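The structure appears below as structure tokens.
Below, read A as the first sequence line, B as the second, and so on, with proteins coming before strands; counting in each chain starts at 1. All values reported here derive from a predicted model rather than from experimental measurement.
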Number of protein chains: 2
Amino acid sequence: MDAQEFRRHGHDVVDWIADYLENSERYPVMSPRRPGETAALLPPHAPEQGEDMADILADFQRDILPGVTHWNHPRFFAYFPANNSAPSVLGEMLSAGLGVNAMLWQTSPAATELEQSVMSWLGELIGLPGPEAGGFHGVIQDTASTATLCALVCARERSTAFAINAAGPEGLAGAGPLRLYCSREAHSSVIKGAKIAGFGAAHVVLVDGDESRAMDPGDLDRRIRADVAEGLTPCCVVATVGTTGSTAIDPLDRIGPIARKHGLWLHVDAALAGSAAILPEKRWILNGIEHADSLVFNPHKWLFTNFDCSAYYVKDPAHLEQAMTINPDYLQTDFDPDVANFRDWGIPLGRRFRALKLWFVLRSYGARKLREMIAAHIELAAEFSRWVQADDQWELLAPVPLNTVCFRLRRNGWSEAECNVRNKELMDRVNAAGRIFLTHTTLEGRFALRMAIGQTQTRREHVVEAWEVLRSTASAPTSG
Amino acid sequence: MDAQEFRRHGHDVVDWIADYLENSERYPVMSPRRPGETAALLPPHAPEQGEDMADILADFQRDILPGVTHWNHPRFFAYFPANNSAPSVLGEMLSAGLGVNAMLWQTSPAATELEQSVMSWLGELIGLPGPEAGGFHGVIQDTASTATLCALVCARERSTAFAINAAGPEGLAGAGPLRLYCSREAHSSVIKGAKIAGFGAAHVVLVDGDESRAMDPGDLDRRIRADVAEGLTPCCVVATVGTTGSTAIDPLDRIGPIARKHGLWLHVDAALAGSAAILPEKRWILNGIEHADSLVFNPHKWLFTNFDCSAYYVKDPAHLEQAMTINPDYLQTDFDPDVANFRDWGIPLGRRFRALKLWFVLRSYGARKLREMIAAHIELAAEFSRWVQADDQWELLAPVPLNTVCFRLRRNGWSEAECNVRNKELMDRVNAAGRIFLTHTTLEGRFALRMAIGQTQTRREHVVEAWEVLRSTASAPTSG
């Protein structure tokens with residue numbers, strides 16, 4: 001494909017994306033495809049002869065698109081928002097065109113320095129103290145899962161004085177069992193990270209929650225002391241600001257001093273909720289963040305930046321560098337003493353130029369508009385929760401501090417088990433109809449529907465429609 | 001930014017990329033920027049008020065672009081190729097526009113099934129046996145570093161019967177030290193992965209090489225037996241097909257039976273070289289691949305697919321699933337028994353729709369054209385190496401089986417140390433001049449210049465020019 005053809009097809013693709021971002025409402029939110037349906041449309045072998053891009057783009061629309069679940073649909077209320085935006089797509093396009101690898105400062109000086117700048121801007125927007133105030137240095141990771149794994153590895157290494165990686169004769173097998181604490185509602189990536197980093201799933205200690213399902217600091221302290229008494233080695237606390245299930249907010253200002261007292265690493269997983277801290281009235285969710293060693297939140301969830309773009313902040317990058325550094329001859333440069341080489345700040349060596357899209361988003365919207373959009377999502381969730389509370393047939397299952405509403409059809413004479421089945425059926429029927437897409441969680445054994453409100457195009461009318469769809473589906477006779 | 005504005009700026013960006021991909025020769029290959037120069041151009045805070053995209057794009061060109069090192073420049077011969085292409089950029093654009101998360105089958109059925117299809121196509125192109133023949137299943141990862149970490153975690157878990165992650169009381173601390181074997185020339189990501197996965201750097205056993213720096217199977221066997229005799233637990237062999245330094249090729253057909261005999265996981269790191277196996281005449285580099293448990297190679301290096309796109313193949317995905325699975329309620333779907341949920345096949349939960357760009361590349365070029373382009377790079381490297389050999393002033397430092405030439409100015413009466421300094425100075429002068437960019441490695445203490453030939457736009461004239469630049473710079477008086 002020569003430059004002229006790229007230009008032509010590129011314009012077509014831009015027009016298609018423009019249309020898609022504006023009119024994604026025309027699609028069913030969740031793909032109706034069954035397992036294997038897409039695969040059956042694809043040939044078994046790569047073609048020997050090159051094909052026309054016009055044909056490939058046509059096949060994309062005919063064979064692939066119906067198998068896509070539309071994350072940017074204004075009536076996508078499932079999982080978490082993954083809100084995208086036009087400025088972000090433009091940034092990603094440029095990044096793809098440049099094809100730069102940001103592994104070392106030398107491999108593209110502007111990629112590293114722009115990343116440092118926009119991560120500093122972003123940290124300031126959510127109220128993080130910067131490095132000049134003994135605060136946080138930022139780096140972009142792919143996902144919160146990866147960032148949390150980095151935190152666990154740093155915690156593991158700090159608590160063993162880096163002996164394991166430096167020159168220890170035993171590997172991790174030489175250390176006693178290390179203990180990791182998080183709330184019962186912490187994200188699955190904490191356990192996954194503990195498995196990968198070799199803590200062992202059995203050493204993830206689930207701390208009790210309070211009535212809002214936030215971590216109970218008293219129980220944390222008790223469990224740490226009990227472990228010490230048993231000769232185990234407490235290593236790390238992962239506090240969650242905005243749990244995946246119900247956006248419960250662990251109190252950092254009370255957890256922080258406990259972690260510090262016991263010498264534990266404090267990692268804060270604010271993957272979704274961190275974005276809300278750009279609002280002065282929600283800044284409290286990070287109260288106590290000064291106690292943390294690391295923090296992650298995802299602009300690719302709720303800050304209009306297309307996936308992937310996860311913002312990871314650490315107080316002392318030396319931990320990352322000591323745990324992760326590899327320094328083969330072929331990666332050494334004369335600049336190394338004077339610059340940050342982000343290859344040492346995460347797991348992959350190669351790194352995309354992700355700062356570009358974040359820069360585009362922050363500048364194109366500006367802080368004021370970003371605050372307005374986040375506040376609007378929070379207000380829609382509050383309004384939805386008021387509708388649920390005002391209706392006898394329904395009930396809220398969790399407080400709604402941010403953008404996620406956990407609710408269900410009330411028992412109405414059903415057993416708890418029956419109520420779970422009815423709500424699951426309701427969800428399936430609603431999703432299959434394609435008007436809205438929402439998913440579930442389980443809270444104390446109760447099947448909870450979750451409305452996660454935060455897509456870029458979501459307006460009040462879409463939330464109104466969701467509520468109408470839910471109510472009418474609940475009152476319609478089931479086919480079974 | 002509304003759809004109309006996106007359309008307008010999107011067209012501008014496409015035109016810019018078309019022009020960039022066609023005319024990147026106008027830029028100095030390596031950015032001449034000094035540390036801090038880019039940062040000094042950026043304001044200290046995010047703007048409160050949104051800014052015009054036209055201004056942002058102008059700033060990109062004025063402030064950022066001069067800080068970019070041009071990986072897609074036809075005279076970029078540094079590190080490794082990261083060859084990009086027009087079809088790949090189009091695929092990435094669509095993926096960004098869709099903003100789909102491919103973490104579960106349900107979160108976009110076509111994303112998972114297209115990934116399965118194109119990974120099967122790609123495996124077939126390099127001669128891998130497919131699942132139907134007891135062979136390999138493919139999944140896309142971000143980088144080879146991450147894929148290798150996945151392999152090490154699976155190896156660790158298999159050799160401890162998954163006790164660590166399932167319910168073992170001790171975490172990794174309960175296992176004896178696990179030993180990992182690779183050649184002295186293996187990529188730094190092997191040691192990094194061993195550190196992250198808790199093996200400990202000290203348990204990475206560096207196996208001697210033969211005269212081509214490929215792993216000596218006899219030495220591997222001796223070292224494994226010595227470890228067993230000492231009561232250590234051999235766990236994993238990482239064989240490298242195409243080392244980063246000098247593209248040495250470990251003999252899989254001799255290593256495989258040794259790994260199997262001792263019950264070790266065999267992971268093959270073919271990050272760069274794997275692409276060459278699409279050529280029938282280079283298929284031998286993967287001879288013995290049937291013994292491997294896992295293999296990684298990077299279409300984002302040398303298969304015209306923009307970064308990131310790393311092809312990871314495993315013989316038995318159950319290892320990945322057992323080691324990585326987390327199954328919180330909020331991620332469960334009714335389809336789970338019938339589909340692959342790729343969240344369990346790697347570290348991050350969230351996953352981009354990367355299959356799209358690989359599909360675009362494989363279809364747009366077709367297998368025949370891909371073979372031609374790879375073969376042309378290999379022929380250029382062979383030709384360059386003949387020029388080096390034919391010139392008394394220069395010498396080759398390693399065989400050239402593929403696209404990378406390691407060479408230097410001969411000693412010419414200098415001591416080895418002096419020769420190293422002279423070659424380093426030569427490299428710095430050449431790179432600073434901006435016509436070409438190449439990097440180095442060290443082979444048995446000798447500073448080696450490396451010409452890695454493989455960018456999409458690189459033609460014979462660019463390699464000729466590189467040789468001229470090197471020779472004329474070497475014969476020019478130094479300023480010092």
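- Contact tally against chain A (heavy-atom pairs below 4.5 Å) for M30(B), E22(B), E92(B), R7(B): the top residue is R7(B).
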Intermediate values then yes/no, side chain to side chain contact (heavy atoms under 4.5 Å, CB included), H70(A) and V100(B)
CA-CA 7 Å; H70(A) 298 282; V100(B) 153; over 6 Å; no
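- Residue D142(B) touches chain A through its side chain alone, counting heavy-atom pairs closer than 4.5 Å.
- Highest contact tally toward chain A, considering only R33(B), Q49(B), H440(B), is held by H440(B) [criterion: heavy-atom pairs under 4.5 Å].
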Apply side-chain hydrogen bond (donor to acceptor under 3.5 Å, both in side chains) to the pair S120(A) and S117(A), showing each step before the final yes or no.
CA-CA 5 Å; S120(A) 162; S117(A) 282; over 6 Å; no
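- Classified by interplanar angle (parallel below 30°, tilted 30° to 60°, perpendicular above 60°), the ring pair W105(B)/F335(B) is tilted.
- A donor and an acceptor atom, one from each side chain of R343(A) and N327(A), are located under 3.5 Å apart.
- Only the side chain of N84(B) comes within contact range of chain A, with at least one heavy atom under 4.5 Å from a heavy atom of that chain.
- Using cut-offs of 30° and 60° for the angle between ring planes, the W16(A) and F60(A) rings count as perpendicular.
- Looking only at heavy-atom pairs under 4.5 Å with chain B, the residue among G91(A), P43(A), C150(A) that has the most is P43(A).
- The most heavy-atom pairs under 4.5 Å with chain A, out of S85(B), A144(B), P44(B), A86(B), come from A86(B).
- Interface summary for chain A: among D52(B), L149(B), T325(B), T107(B), the most heavy-atom pairs under 4.5 angstrom belong to T107(B).
- Both the backbone and the side chain of R34(B) come within less than 4.5 Å of a heavy atom in chain A.
- Between V13(A) and M93(B) the shortest heavy-atom distance is CG1-CE, 3.7 Å.
- Heavy atoms of Y365(B) lying under 4.5 Å from chain A belong exclusively to its backbone.
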Using the side-chain hydrogen bond (donor to acceptor under 3.5 Å, both in side chains) rule, take D15(A) and H11(B) through it: C-alpha gap first, then chi angles, then the decisive distance, then the call.
CA-CA 8 Å; D15(A) 289 339; H11(B) 288 177; 2.8 Å; yes
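- By number of non-hydrogen pairs under 4.5 angstrom with chain B, the leading residue of A3(A), G10(A), P35(A) is P35(A).
- Contacts between L42(B) and chain A at a heavy-atom distance below 4.5 Å involve the side chain alone, from C-beta outward.
- With chain B as partner, the option from H9(A), R450(A), Q106(A) having the largest number of non-hydrogen pairs under 4.5 angstrom is Q106(A).
- In this structure the side chain of H203(A) never reaches within 4.5 angstrom of the side chain of L178(A), judged on heavy atoms.
- Both the backbone and the side chain of I64(B) have a heavy atom closer than 4.5 Å to some heavy atom of chain A.
- Side-chain atoms of I326(A) and P328(A), non-hydrogen and from C-beta on, do get closer than 4.5 Å to each other.
- Ring planes of F307(A) and H300(A): perpendicular class, angle over 60° (limits at 30 and 60°).
- Both the backbone and the side chain of D59(B) have a heavy atom closer than 4.5 Å to some heavy atom of chain A.
- In this structure, chain A has heavy atoms under 4.5 Å from both the backbone and the side chain of S108(B).
- With a threshold of 4.5 angstrom between heavy atoms, L41(A) does not approach chain B through any atom at all.
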Apply side chain to side chain contact (heavy atoms under 4.5 Å, CB included) to residues V89(B) and V14(B) and explain how you reach the verdict.
CA-CA 10 Å; V89(B) 173; V14(B) 164; over 6 Å; no
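- Chosen from T38(B), L370(B), I17(B), I56(B), the residue pairing most often with chain A at heavy-atom distances under 4.5 Å is I56(B).
- For the set K357(A), H187(A), R363(A), K369(A), the entry with the most heavy-atom pairs within less than 4.5 Å of chain B is R363(A).
- Interface summary for chain B: among S145(A), S88(A), S95(A), the most heavy-atom pairs under 4.5 angstrom belong to S145(A).
- In summary, the aromatic rings of F353(A) and W359(A) are positioned with their centroids too far apart to meet the 6.0 Å limit.
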Report the C-alpha separation of D308(A) and T143(A) in whole Å, then their side-chain angles, then the decisive distance to 0.1 Å, and conclude whether the side-chain hydrogen bond (donor to acceptor under 3.5 Å, both in side chains) test is met.
CA-CA 7 Å; D308(A) 47 5; T143(A) 64; over 6 Å; no
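- Contacts of D334(A) with chain B are made by side-chain atoms alone, with heavy-atom separations under 4.5 Å and no backbone atom involved.
- Heavy atoms closer than 4.5 Å to chain A are found in both the backbone and the side chain of L98(B).
- Taking chain B as the reference chain and counting heavy-atom pairs below 4.5 Å, the highest number among L356(A), L362(A), D55(A), L114(A) is found for L114(A).
- Looking at E51(B), the atoms closer than 4.5 Å to chain A (heavy atoms on both sides) sit in the backbone and in the side chain alike.
- Proximity to chain A (any heavy atom under 4.5 Å) is shown, for Q116(B), by neither the backbone nor the side chain.
- With a 4.5 angstrom heavy-atom cutoff, M53(B) touches chain A only via side-chain atoms.
- Using a 4.5 Å cut-off between heavy atoms, Q141(B) makes no contact with chain A at all.
- When all heavy atoms of A197(A) and R156(A) are compared, the closest pair comes out as O-NH1, 2.8 Å.
- With a threshold of 4.5 angstrom between heavy atoms, I347(B) approaches chain A through its backbone and through its side chain.
- For the options P87(B), A82(B), S189(B), heavy-atom pairs under 4.5 Å to chain A are most numerous at P87(B).
- A donor and an acceptor atom, one from each side chain of N298(A) and S310(A), are located under 3.5 Å apart.
- A donor-acceptor contact closer than 3.5 angstrom is absent between the side chains of T441(B) and D329(A).
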